Amino acid sequence: MHSNDDGSRTGIDLLFEPALNKGTAFTEKERLKHGLMGLLPPHVETLEQQTLRAYDALQAKDTDLEKHIYLRSLQDTNEVLFYNLVVTHVQEMMPLIYTPVVGAACEQFSEIYRHPRGLFIPYPQRDKIDHILDNAINDVVEAIVVTDGERILGLGDQGAGGMGIPIGKLSLYTAAGGVDPRVTLPIILDAGTNNKERLADPLYIGWRHERIAGDDYFEFVDQFVQAVKRKWPNVLLQFEDFAQPHAEPLLEKYRDQLCTYNDDIQGTAAVAAGTLLAACKIMDKPLKEHIISFLGAGSAGAGIAEQLIRIMVDEGLSDADARKRVFMVDRFGLLHDEMDGLMPFQQKLMHHREDVASWSSAKDGSISLLDVMKNAHPSILIGVSGQGGLFTEDIIREMAKHTESPIIFPLSNPTSRAEAIPKDLINWTDGKALVATGSPFDAVDYKGETHFIAQSNNTYIFPGIGLGILASGATRVTDGMFMASARALGELSPALDDHHAPLLPPVSEIRAVSKSVARAVAIQAQKEGVAPSTSVDDLDERIENKYWVPAYD
Ligand SMILES: NC(=O)C1=CN([C@@H]2O[C@H](COP(=O)(O)OP(=O)(O)OC[C@H]3O[C@@H](n4cnc5c(N)ncnc54)[C@H](O)[C@@H]3O)[C@@H](O)[C@H]2O)C=CC1
Ligand SMILES: CC(=O)C(=O)O
Ligand SMILES: [Mg+2]
């Protein structure tokens with residue numbers, strides 16, 4: 001390796017170190033000092049000039065996937081330049097590094113694989129996890145996002161290709177949340193895959209084996225979590241895109257053991273709650289007066305439902321009364337107590353069959369979403385089923401019959417999995433619907449009015465959660481911290497001042513939003529005694545000091 005006496009990289013090795021590489025921005029003095037003479041073209045550029053070139057190169061790509069590949073390659077070459085490009089054009093870049101394009105990138109991860117990033121931990125190497133963690137290129141690790149690739153967005157099991165998700169989420173920790181990229185680490189726990197297409201793909205980069213299950217699976221995850229605790233006892237560990245049978249049990253198992261959370265359950269709950277709180281405020285109707293229906297009673301659905309129940313209880317309802325106002329419809333209809341095979345977290349959200357017995361219009365007695373619309377008259381409908389197009393015209397028209405301003409959030413990702421497209425929702429409700437989606441959608445013009453579509457995605461929450469935790473030194477992630485993030489987000493809604501504005505601030509403001517979320521989260525962490533207490537001024541200063549901006553040292 002080319003290095004100085006102090007061990008720091010020089011020469012060509014420095015140019016291949018993305019965290020340190022400045023490319024054509026190395027000054028003449030630096031080129032001399034670090035053995036770079038002749039390795040770079042002579043003209044010394046500024047970061048802004050480099051960013052212009054990178055932006056032009058990006059525009060020359062024909063497809064979104066090619067743009068994603070280009071951006072990932074830039075990230076693996078020069079992180080400061082990558083983040084400067086992303087931050088300068090955040091609204092345009094976010095869909096390329098995150099949903100929807102990251103979905104295609106995960107599906108084709110093996111085909112588009114170029115450079116290593118993060119850590120791959122395959123099941124057969126489970127006895128060597130300590131050693132694998134020692135190989136992380138970062139000296140200090142403060143935030144990890146881990147997946148096992150089993151429920152990638154609404155695209156199902158992508159095996160090791162799921163690695164695209166921790167990489168994308170951590171890019172937003174930095175681009176939105178200002179977390180120094182050098183302290184972040186994406187990890188895939190490769191427990192195999194049951195995706196036959198992946199297993200049959202000669203280019204598949206993962207462990208070519210069906211998924212391990214049951215106790216073996218939970219032991220594998222435990223070996224990983226214990227190794228993480230040994231190596232980085234104070235790290236923030238975010239679980240992402242785990243399948244339903246594992247997501248909630250893992251959260252319950254580890255939430256009191258280390259600083260950890262599940263973004264699909266808790267981050268999603270907070271963003272949906274924040275968006276709904278804004279909607280309730282502009283309608284001047286508290287959440288407790290709404291009837292809420294869900295399509296998809298999985299990790300995200302149950303996470304959001306529990307958060308909304310907590311809000312209704314805060315507003316004065318009893319827990320039992322709040323639950324009566326929530327209707328969870330899954331694959332086999334409305335959840336009720338005569339249904340078999342429900343997970344414990346779903347059982348908390350089911351209705352008594354006898355209370356709803358007369359609702360069914362099906363021969364098998366199941367109660368569909370349409371039945372719920374006809375009988376419960378929900379004013380809020382949330383889609384987290386991972387299936388595209390399930391909010392059909394008859395369902396939406398039925399909903400609109402019984403409520404003045406239907407609130408409809410097709411939150412499933414990527415775009416192909418949205419339960420409905422905003423244009424249809426606006427048409428079918430004669431312009432009355434308040435719509436927010438998980439992936440980005442354009443505004444809809446209807447009868448001379450423009451309806452802006454908020455992107456209710458946990459990206460409004462998790463970067464701020466990360467920043468708030470790291471800046472405050474929080475050691476645990478509590479439900480209260482998510483509630484604080486939801487309320488902070490709701491307060492930032494542009495629709496509070498202008499009813500025609502979208503329910504959430506635009507993605508272009510995500511950095512300021514993340515700071516506000518971080519502040520609320522940090523204050524709450526202190527209140528609950530999971531972070532050392534300081535003054536709010538001190539917290540503000542810490543958040544500012546912690547906030548990394550792309551610039552060369
Ligand atoms: N907007 C956002 O920030 C977020 C969106 N999501 C999206 O939500 C979706 C679900 O995620 P999870 O809850 O984690 O997955 P999950 O697998 O835990 O839950 C999905 C549920 O939908 C049900 N389902 C499937 N087909 C159905 C049908 N035809 N009718 C009714 N229910 C059906 C499944 O049985 C399952 O219970 C994904 O597409 C994901 O991308 C998840 C997290 C955040
Ligand atoms: C946004 C997100 O976390 C998901 O779709 O899974
Ligand atoms: Mg997710």
Side-chain angles (χ1 to χ4, degrees), residues 94-95 98-100 102-103 106 145-158 162 164-166 168-169 172 238-251 261-275 293-307 327-335 339 341-343 345-346 349 366-370 372 381-392 395 409-419 436-441 453-463 465 486 489 504:
M94 183 114 105
Y98 190 56
T99 186
V102 75
C106 288
V145 175
V146 65
T147 188
D148 69 355
E150 192 169 2
R151 195 287 277 147
I152 293 301
L153 309 176
L155 302 169
D157 186 353
Q158 299 303 324
I165 290 292
K169 291 268 172 183
L172 294 176
Q238 171 176 331
F239 283 80
E240 190 71 47
D241 288 9
F242 282 70
Q244 192 181 114
H246 303 138
E248 200 263 354
L250 290 173
L251 173 63
Y261 71 100
N262 181 300
D263 184 40
D264 300 296
I265 300 174
Q266 297 165 288
T268 313
V271 72
T275 321
S293 57
F294 284 84
L295 192 64
S299 306
I304 300 169
E306 292 294 345
Q307 178 89 339
F327 295 86
M328 310 292 298
V329 179
D330 205 83
R331 206 183 287 268
F332 302 110
L334 180 71
L335 302 193
M339 229 174 205
L342 295 184
M343 302 266 302
F345 71 83
Q346 293 171 320
L349 292 162
S366 64
I367 296 164
S368 67
L369 184 59
L370 184 60
V372 170
L381 170 61
I382 296 174
V384 269
S385 64
Q387 307 294 318
L390 294 182
F391 290 172
T392 52
I395 291 171
F409 291 179
L411 296 187
S412 289
N413 299 313
T415 317
S416 62
R417 299 300 193 268
E419 284 79 4
T437 52
S439 293
F441 277 91
I453 311 300
Q455 188 183 351
S456 188
N457 188 295
N458 51 30
T459 192
Y460 280 97
I461 298 293
F462 67 79
I465 290 273
L489 180 63
L504 292 177

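This structure is a prediction, so every number in the text was calculated from the model and none was measured. Both ligands and their constituent atoms are indexed starting at 1 by order of listing.
For Thr268, every heavy-atom contact with ligand 1 shorter than 4.0 Å involves the side chain, none the backbone. Within the 4.0 Å heavy-atom criterion, neither part of Thr459 lies near ligand 2. Residue-level proximity to ligand 1 for Leu390 is carried by the side chain, the only part with a heavy atom below 4.0 angstrom. Residue contacts with ligand 2 for Lys169 involve side-chain atoms from C-beta outward but no N, CA, C or O (heavy atoms, distance under 4.0 Å). The part of Asp241 lying near ligand 2 is the side chain, judged by heavy-atom distances below 4.0 Å. Under 4.0 angstrom from ligand 2, there are no non-hydrogen atoms of Phe242. The residue Pro414 has no part lying near ligand 1, judged by heavy-atom distances below 4.0 Å. Contacts of Leu295 with ligand 1, taken as heavy-atom pairs under 4.0 Å, involve the side chain alone.
Across Thr99 and Gly438, no two heavy atoms sit closer than the pair CG2-O, 4.0 Å. The two residues Ile461 and Gly267 make their nearest non-hydrogen contact at CG1-O, 3.8 Å. For Phe345 against Ala302, the heavy-atom pair with the smallest separation is CD1-CB, 3.3 Å.
Distances below 4.0 Å separate heavy atoms of Asp264 from the following atoms of ligand 1: 43 (C). Listed by number with element, the atoms of ligand 1 under 4.0 angstrom from any heavy atom of Gly438 are 1 (N). Close contacts of ligand 2 with Leu153, meaning ligand atoms under 4.0 Å from a residue heavy atom, involve 4 (C), 5 (O), 6 (O). Of all atoms in ligand 2, listed by their number and element, those nearer than 4.0 Å to a heavy atom of Asn458 are 1 (C), 2 (C), 3 (O). Within ligand 1, the atoms closer than 4.0 Å to a non-hydrogen atom of Ser456 are 1 (N), 2 (C), 3 (O), numbered from 1 in the order shown. Per-residue contacts place Tyr98 under 4.0 angstrom from the following atoms of ligand 2 (heavy atoms of the residue considered): 1 (C). Counting the atoms of ligand 2 from 1 in the order shown, those under 4.0 Å from a heavy atom of Arg151 are 6 (O). Less than 4.0 angstrom separates some heavy atom of Glu240 from each of these atoms of ligand 2: 3 (O). The Asp264 neighbourhood of ligand 2 comprises atoms 2 (C), 3 (O), 4 (C), 6 (O), with distances under 4.0 Å to a heavy atom of that residue.
Considering only non-hydrogen protein atoms, atom 20 (C) of ligand 1 sits nearest to Val384 O, 3.6 Å. For atom 5 (C) of ligand 1, the nearest non-hydrogen atom of the protein is Leu411 O, 3.2 Å. Nearest protein neighbour of atom 24 (N) of ligand 1, counting heavy atoms only, is Ser385 O, 3.8 Å. The closest protein non-hydrogen atom to atom 26 (N) of ligand 1 is Gln387 CG, 3.3 Å. Counting only heavy atoms of the protein, atom 19 (O) of ligand 1 lies nearest to Gly298 CA, 3.3 Å. The shortest contact between atom 14 (O) of ligand 1 and any protein heavy atom is with Arg151 NH2, 2.7 Å. Nearest non-hydrogen protein atom to atom 33 (C) of ligand 1 is Arg331 N, 3.7 Å. When hydrogens are left out, the protein atom nearest atom 5 (O) of ligand 2 is Asn413 ND2, 2.8 Å; that is the closest non-hydrogen contact. Protein heavy atom nearest atom 16 (P) of ligand 1, with residue, atom name and distance: Gln244 NE2, 3.6 Å.
Of the inter-residue distances, the one linking Asp157 atom CG with Cys106 atom SG reads 11.5 Å to the nearest 0.5 angstrom. Within the model, atoms OG of Ser439 and OH of Tyr98 stand 8.5 Å from one another, a figure rounded to the nearest 0.5 Å. Summarising the geometry, atom CD1 belonging to Ile367 is positioned 5.0 Å from atom CG belonging to Leu334; distances are rounded to the nearest 0.5 Å. Separating the CZ atom in Phe327 from the CG atom in Leu295 is a distance of 15.0 Å, to the nearest 0.5 Å. With values rounded to the nearest 0.5 angstrom, Ile304 atom CD1 is found 7.5 Å from Ser456 atom OG.
Asp264 contributes atom OD1 as its closest N/O/S atom to the Mg ion (ligand 3). For Glu240, the N, O or S atom closest to the Mg ion (ligand 3) goes by the atom name OE2. The Mg ion (ligand 3) lies closest to atom OD1 when only the N/O/S atoms of Asp241 are considered.
The closest side-chain heavy-atom distance from Met94 to Leu172 is below 4.5 Å. A 4.5 Å side-chain heavy-atom check between Tyr261 and Gln238 finds at least one atom pair inside the cut-off. Leu251 has its side chain within reach of Gln266: a pair of non-hydrogen atoms, C-beta onward, lies under 4.5 Å apart. Inter-residue side-chain proximity for Val271 and Asn457 is flagged as unmet; no heavy-atom pair is nearer than 4.5 Å. Within the 4.5 Å cutoff, the side chain of Gln455 has no heavy atoms near those of the Leu504 side chain. The shortest side-chain heavy-atom distance between Val145 and Asp263 does not fall under the 4.5 Å cut-off. Between Asp148 and His246 there is a side-chain heavy-atom pair separated by less than 4.5 Å. With a 4.5 Å cut-off on side-chain heavy atoms, Glu248 and Met343 do not count as touching.
Considering backbone and side-chain N/O of Gln346, none are found under 3.5 Å from N/O of ligand 1. For ligand 1, none of its N or O atoms has an N or O atom of Val329 under 3.5 Å away. For Asn458, a nitrogen or oxygen atom sits less than 3.5 Å from a nitrogen or oxygen atom of ligand 1, counting backbone and side chain alike. For the pair Asn457 and ligand 2, the shortest N or O to N or O distance does not fall below 3.5 Å. Distances between N or O atoms of Asp330 and those of ligand 1 include at least one value under 3.5 Å.
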Could you walk me through whether Thr268 and Gln307 pass side chain to side chain contact (heavy atoms under 4.5 Å, CB included), step by step? CA-CA 10 Å; Thr268 313; Gln307 178 89 339; over 6 Å; no
Side chain to side chain donor-acceptor pair (under 3.5 Å) assessment of Ser412 paired with Glu419: CA-CA 7 Å; Ser412 289; Glu419 284 79 4; 2.6 Å; yes
Trace of the side chain to side chain contact (heavy atoms under 4.5 Å, CB included) decision for Val102 with Lys169: CA-CA 10 Å; Val102 75; Lys169 291 268 172 183; over 6 Å; no
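Each of Val372, Val329, Leu369 was compared with Leu381 under the side-chain contact (heavy atoms from CB on, under 4.5 Å) criterion, and only Leu369 meets it.
Ligand 2 lies nowhere less than 4.0 angstrom from a heavy atom belonging to Thr99.
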